[in-house]
> 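Have a look at the structure that comes next, please.
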Amino acid sequence: MLKVAVLVSGGGTNLQAIIDGVEDGTIHNAHIELVISNKKDAYALERAKNSDIPATCISPRDYKTIEEFGEVLLKCLQEKSIDLIVLAGYLVILPKQIIQAYPNQIINIHPSLIPAFCGDGYYGLNVHQAVLERGVKVTGATVHFVDEGTDTGPILLQRAVKVYDGDTPEILQKRVMEEAEWILLPEAIEQIALGNVDCFHKMGEDVRSLR
Ligand code: GRF
């Protein structure tokens, strides 16, 4: 059983899609062990509690250095023997020690078709604003592995979404969530849990032996 930690910062609709996927069987061999937010008032924490999933706030603001924050976060993940970290709208740059401790074991959902509209400054509504300003006719979402860059890790899954005349950033964000993000993230976790993802195989022997 793949032990999953979901890191969140906001409303948690992607977290909810994962919770629902586990409950309806879309996601078979994975279990959400923990939800961590950097914001104590993130509604995503409420969603976790409503599903009896342990949830906590670990904020970089509460620590003198990013390294200290990283150590606390790492300890929390290791105590739960987490196999896969899912960034679901997590707006904090992960400390290096987390990325180094979990090579090819961290995935992120980005609301565009990487390599378009990604990198520094492209998050949340900013992405959809830029899509509309550029006038592209197709956008979408991407699940990718997290490395030490911003949205630069290996791409795992993508799904295209049409842009319509009259779309606002809010309308487009909702369509990308409904037609892409909430489908891709559970699918990515399921594929990893089934052992169908090569990148994931670079992990240590101990996890591979689970399958
Ligand atoms: C989503 O649009 C996701 O693509 C981006 O942040 C947003 C998170 O939304 N990374 P939610 O908190 O999952 O509702």
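Note that ligands are numbered from 1 as they come in the structure, with each ligand's atoms numbered from 1 the same way. Positions are given from 1 along the sequence.
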> Does atom OH (Tyr123) have a neighbourhood of more than 12 heavy atoms from anything else shown, all under 6.0 Å?
no
> Are more than 12 heavy atoms, taken from residues, nucleotides or ligands other than Asp24, located less than 6.0 Å from that residue's CG atom?
yes
> Compile the protein residues with any heavy atom at a distance under 4.0 Å from an atom of ligand 1; present them by chain, then by number.
Gly10, Gly11, Gly12, Thr13, Asn14, Gly89, Ile109, Pro111, Gln173, Met177, Glu181
> Is a side-chain donor-acceptor pair under 3.5 Å present for Asn38 with Ser59?
no
> Between the side chain of Gln105 and the main-chain N/O of Asp83, is any donor-acceptor distance below 3.5 Å?
yes
> Is Lys174 paired with Glu170 through a side-chain N to carboxylate O contact shorter than 4.0 Å?
no
> Taking the hydrophobic residues Ile, Leu, Val, Met, Phe, Trp and Tyr, and joining any pair whose side-chain heavy atoms are under 4.5 Å apart, which ones share a cluster with Leu132?
Phe117, Tyr122, Val127, Val131, Val136, Val161, Val163, Leu172, Val176
